[in-house]
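One structure below.
For the single chain, residues carry numbers from 1 onward in sequence order.
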Amino acid sequence: MPERAADPLKTEQPTAPRRPHTWQRPTGPREDPYAWMLDVNDEEFLKYLESENEYAQRWFESNHKLTTTIVEEIKSRVQETDQSPAVRSGKWWYVSRTVEGLSYPIHYRATSRERAETSNANLILDQNIEADGKDFFDLGTFEPDPTHQYIAWSSDTTGNEHYTLRIRDTSTGLDLDDTIPDTTWGGVAWSADSEHLFYVVADDTERPFQVRRHKIGTPLTDDEIVFTDNDERFFVGIELTRSGRFIIIHSGSKTSSEIHLLDASTPLTEPQCVRPRTENVEYSVDDWGHTFVITTNLDAEDFCIMTAPHADPSKWTDFVLHQPGHRITAAEPFEHTLAVHEWVNAQPRIRLVNTGGESRLIELSQSPHDIEFGPNENFSTDQLRVRVQSLTQPSTIIDINLHDLSHHVIRQTPTPGVDLNSYVSERHWAIADDGTKVPYDIVRHKDHSGALPAVVYAYGSYEISLPPWFSVARLSLLDRGLAWVLVHPRGGGELGRQWYLNGKFLSKRNTFTDVIAATKDAVSRQLIDGEKIAIRGGSAGGLMVGACITIEPQLFASAVAEVPFVDVVSTMSDPSLPLTVTEWEEWGDPRSEPYASYIDSYSPYDNTRPANYPALLITAGLYDPRVSVHEPAKWTARLREVRTNDAPLLFKTEMGAGHGGPSGRYAAWEDEARTLTFLLETVTVTT
């Protein structure tokens, strides 16, 4: 059993007030003395959050030397004054730059690559100026109009994901009077004549549900509703096709979708439905010359690609046939080539398909890595830009010739002072309880081998696949002799649609037992030390952390649960809460059986019972619209009440941020350094 470090501040721990409350559930009545925390306006709740923050701050102050050291290590590995490779859009080349001492990027453009990458570029938007005086700043959309006279840009200054949309005149550098509040992250689209801007707003449950059209220079009261989806399961988004010819209105639930198209040259017409929604049928649409390209799971579990004529977009014809286990995730059309992104055997890859259906595979590395489409703004080009990285390779921008597949490395993110050859990674496969093979990746410093202290990371929900990615902050763990393990459990999409289906609904526990199986496999191979294991995850990954430490608390010495979704039964039973209805297609509805009993069997809050729990760092965001702050707060309070040991238990709420934590790179580095400090102090110590 791992040895837990005692908490020197235990006698000063906050105590949450208890108020009687009983939930009436299909599984029977359930007492919940912390249900009152649902009211974020309750003064006593805010005082409790502040007391927890003060307690956590005292712990971090007692370890501030290590945190300061790690911050300096992170900064030393980053080229703080830097810029992105120029990206061509129309006749312009766009770049973003960072400057030492400034938290946010600055955006420029010029009429040539050479000018864009020098001081001769024109300033378009300085996020540092826009963020000045604000505790939080997040840039949402940044979308030039077809003439590039205007830039539609939006920002969120609280973390609640409500964005104010503005229109900047690039000739003056000033914003027009047209200011549109309370838009969402659902995207924007310009009409071909640059006179109309389409945007998305949310309903009272924070669901993007409606598209509106704004004519430049007119009052917002004149904006017209273009599309509304009243089905509470569906999220609405909007974008242009890569060709710029059509506006796509996408409405999708977790299991089905429906798309409407609007000719960008006739923005006042009614959008036309491509194919009416059908349960369990998903599809996306793009424009490819004289046809539409449809990526769909219609009679194709791992998705196929079809085409349809512009005259009748509902008439689908096979193009790229379905291959079981080859999960197609995206398709980007170019003038003569279709670039297809897919996951095969827990590895993302890209293949190119010509108009005749012949395909060629892009092969850049044999070891596990990430490859994704880079910015590819131009439809008529012979270059495909991709971004590649791995656990040991920083993000690398590569241009690939669409004709002969020759490639040119445009830029690898600089890592000053880092010897990349000092780190090694490998892939292993564990055997789950039911015999399923579960992949995991592990990285370490080459000078440290054998059974190392380790941090285990996973997500495992929503069919989200986590490829190996590079992190300069992670090196502070590896250099100190820790290993870092990335598990790919069921519930993600790394091995196809079945991998996802076998980790959701009434199979959700597979996600957690897969992570436990991979952890134990790494111990059995003597890759990690069974007495010094930490586990980390965020959001639904925070649920994974909570479930794993309630299933086997003795396996882990330390745990970090960031904005964790841990009060699953209560949240999924309340359709008045933001986004609950849309989530039933992921988790099930616990208001009736069999989901009532099944979700109750793994919900961390409902399964927190007397035990020796790992040292815990739990985080939240006061304005988080995805995982409400009351969930991690309730869980913390219950853990403090029932746990039978005195390992550190810290709960930190960002009082001016939301789901993503603090904004700005320096604040993010500080935040990560605190997390790494917690891991190092709690996973490597023995008593």
Practice task
Please name the residue in the list Leu452, Val443, Val683 that meets the side chain to side chain contact (heavy atoms under 4.5 Å, CB included) test with Leu482.
Solution key: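 Only match with Leu482 under side chain to side chain contact (heavy atoms under 4.5 Å, CB included): Val683.
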Looking only at side chains, do [X] and [Y] share a donor and an acceptor under 3.5 Å apart?
X      : Y      : value
His488 : Asp441 : yes
Thr22  : Glu31  : yes
Ser570 : Arg25  : yes
Trp469 : Asp370 : no
Tyr595 : Asp600 : no
Ser256 : Ser253 : yes
Tyr613 : Asn645 : no
Trp343 : Thr329 : no
Asp302 : His326 : no

Hey, what do you get for [atom1] ([X]) to [atom2] ([Y]), rounding to the nearest 0.5 Å?
X      : Y      : atom1 : atom2 : value
Ile442 : His428 : CD1   : NE2   : 6.5 Å
Asp606 : Asp32  : CG    : CG    : 7.5 Å
Gln210 : Ile238 : CD    : CD1   : 11.5 Å
Phe319 : Leu338 : CZ    : CG    : 6.0 Å
Asp204 : Phe209 : CG    : CZ    : 8.0 Å
Leu543 : Ser603 : CG    : OG    : 7.5 Å

Exercise for the section: Taking atom OH of Tyr602 as the centre, report whether more than 12 heavy atoms of other residues, nucleotides or ligands fall under 6.0 Å from it. Expected result: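 It does: Tyr602 OH has more than 12 such atoms within range.
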Practice task
Taking atom CD of Glu593 as the centre, report whether more than 12 heavy atoms of other residues, nucleotides or ligands fall under 6.0 Å from it.
Solution key: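 Count over threshold, so yes.
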Problem - Working for ring pair (Phe, Tyr, Trp, His ring centres under 6.0 Å), residues Tyr283 and Trp316 - result: CA-CA 11 Å; Tyr283 70 96; Trp316 297 0; 5.2 Å; yes
With a 4.0 Å cut-off, would you call [X] and [Y] a salt bridge?
X      : Y      : value
Arg351 : Glu342 : yes
Glu494 : Arg327 : no
Arg18  : Glu641 : yes
Arg444 : Glu426 : no
Glu258 : Arg275 : no
Arg626 : Glu562 : no

[X] versus [Y], closest heavy-atom pair with distance:
X      : Y      : result
Ile248 : Val285 : CD1-O, 3.1 Å
Gln393 : Phe470 : O-CB, 3.3 Å
Glu282 : Thr255 : CG-O, 3.5 Å
Pro439 : Ala346 : CG-CB, 4.0 Å
Ser284 : Ile259 : CA-CD1, 3.5 Å

Exercise for the section: Answer yes or no: is there a donor N or O on one side and an acceptor on the other, between the side chain of Arg207 and the main chain of Asp231, under 3.5 Å? Expected result: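 Present.
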Problem - salt bridge (charged side-chain N to carboxylate O under 4.0 Å, His left out), paired with Asp514, selected from Arg490, Arg509, Lys520, Lys437 - result: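 Output: one option passes, namely Arg490.
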Handout entry: Ring centres under 6.0 angstrom apart (Tyr423, Trp484)
Key =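 No; Trp484 has its ring centre 6.0 Å or more from that of Tyr423.
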Handout entry: Ring centres under 6.0 angstrom apart (Trp587, Phe565)
Key =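 Yes, close enough.
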Handout entry: Ring geometry between Phe227 and His260 (parallel below 30°, tilted from 30 to 60°, perpendicular above 60°)
Key =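 Taking Phe227 first and then His260, their aromatic rings sit tilted (interplane angle of 30° to 60°).
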Exercise for the section: Kindly confirm or rule out a cation-pi arrangement of Lys634 over Tyr34, judged by NZ or CZ under 6.0 Å from the six-membered ring centre and within 45° of its axis? Expected result: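 No; the conditions do not both hold, so Lys634 does not lie above the ring face of Tyr34.
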